[in-house]
Amino acid sequence: MIQVVGHKNPDSDSICSALVGEALLKARGLEAKAVRQGELNRETQHILKTAGVEQPEMCTGVAGQKVWLVDYTDLAQAPDDIAEAEIVGIVDHHRLGDVMTVNPLEAWIWPVGCTCTIMFNLFKMEGTEITKPLATLMMSAILSDTVGFASPTCTQKDRDAIAELTPLAGVEDLDLFIKELLIAKTDIEGLTASELVEKDLKAYPFNNRNVVIGQIELATLEQVDSMIDELNADLQRRCDEEGLAMAALMLTDITTSTTRLLFKGEWNATLETFADNGVLTMENTLSRKKQGWPWLQKVLS
């Protein structure tokens with residue numbers, strides 16, 4: 001049995017690519033099971049409901065198992081017992097992290113906007129049927145990760161995949177499909193500060209220390225105006241309890257491509273030099289992968 005597992009604090013691509021990866025492996029005649037490392041956010045719940053697909057079961061451990069990693073290669077984002085598993089496959093669209101394997105493996109790492117774009121091309125390469133539910137999962141993940149084609153991470157391969165997946169998913173009005181997806185993506189009503197930080201939080205090793213960077217995609221920054229103090233307090237709590245050098249949170253207005261960066265930890269002083277009256281604003285910044293985290297690495301080096 002191969003467990004197909006996305007990263008901790010799963011986003012839509014992490015969940016969808018695990019489900020699609022399970023289907024691809026089964027089409028090869030292998031035993032596979034998609035699992036998740038956390039609860040589904042509201043956007044992912046919307047996607048699975050639209051596709052008519054059940055959520056993966058919770059990952060309880062991968063020790064002694066064969067594993068496919070989807071949507072990450074940083075071990076900090078993997079199951080805690082990943083060192084006791086055999087990684088036999090990787091499909092990802094991020095930088096190559098610190099994963100190492102004992103045996104040769106299948107690895108597909110492309111500089112595209114979404115892991116599901118790679119999955120779509122694997123289905124095409126292998127001549128595997130793409131059902132309506134699978135098409136819905138893949139196109140939803142691609143549109144989510146590229147923020148409806150607006151993100152700088154979006155490539156022609158992502159656009160081409162959507163063009164082919166749209167009819168397979170039975171979608172007649174793509175603009176309406178994107179609108180409903182983005183409404184679900186930016187729905188934060190009723191969530192606590194801790195839940196918002198945890199919503200899309202990723203851990204990275206950097207300069208022999210650990211940092212975490214979260215991102216909340218919003219329709220307007222005003223959605224979190226009343227919660228800034230609580231969000232900052234939660235970031236500081238994580239630094240104190242986990243010994244982090246930095247905990248940061250990108251508050252991203254997807255309509256204006258403007259990000260406000262909250263940050264706490266030992267490395268505060270370096271970032272404070274870029275703030276104006278205590279507010280660090282990043283213009284034309286939608287992507288953590290291609291814009292936020294690379295900028296932070298350069299500044300903190």
Legend entry - Stepwise salt bridge (charged side-chain N to carboxylate O under 4.0 Å, His left out) check, R28 with E106: CA-CA 14 Å; R28 294 177 178 179; E106 176 178 0; 2.8 Å; yes
Inset, instruction - Please check if the side chain of N41 supplies one atom and the backbone of T44 the other of a donor-acceptor pair under 3.5 Å. - result: yes
Inset, instruction - List the steps, then state whether side chain to side chain donor-acceptor pair (under 3.5 Å) holds for Q236 with D240. - result: CA-CA 6 Å; Q236 185 62 58; D240 296 340; 3.0 Å; yes
Inset, instruction - Establish whether L168 and I178 are linked, either directly or via other cluster members, by ILVMFWY side-chain heavy-atom contacts under 4.5 Å. - result: yes
Legend entry - Under 3.5 Å donor-acceptor, N9 side chain and L201 backbone: yes
Legend entry - Non-hydrogen side-chain atoms of V4 and V35 separated by less than 4.5 Å: no
Inset, instruction - Treat each ILVMFWY residue as a node, draw an edge where side-chain heavy atoms are under 4.5 Å apart, and state whether I15 and L25 are in one component. - result: yes
Inset, instruction - Examine the side chains of T153 and K289 and answer whether a donor and an acceptor come within less than 3.5 Å of each other. - result: no
Inset, instruction - For E266 and R209, run salt bridge (charged side-chain N to carboxylate O under 4.0 Å, His left out): C-alpha distance rounded to whole Å, both residues' side-chain angles, the deciding distance at 0.1 Å, then the answer. - result: CA-CA 11 Å; E266 298 172 26; R209 296 294 303 278; 3.0 Å; yes
Inset, instruction - Treat each ILVMFWY residue as a node, draw an edge where side-chain heavy atoms are under 4.5 Å apart, and state whether I228 and L280 are in one component. - result: no
Legend entry - R238, K8, E39 screened by side chain to side chain contact (heavy atoms under 4.5 Å, CB included) with E198, the one that passes: R238
Inset, instruction - Report the relative orientation of the aromatic rings in F206 and W267; use parallel for angles under 30°, tilted for 30 to 60°, perpendicular for over 60°. - result: perpendicular
Inset, instruction - Verify the distance criterion only: is there a donor paired with an acceptor across the side chains of T259 and T252 at less than 3.5 Å? - result: yes
Legend entry - Main-chain N/O of G214 paired to D200 side chain as donor or acceptor, under 3.5 Å: no
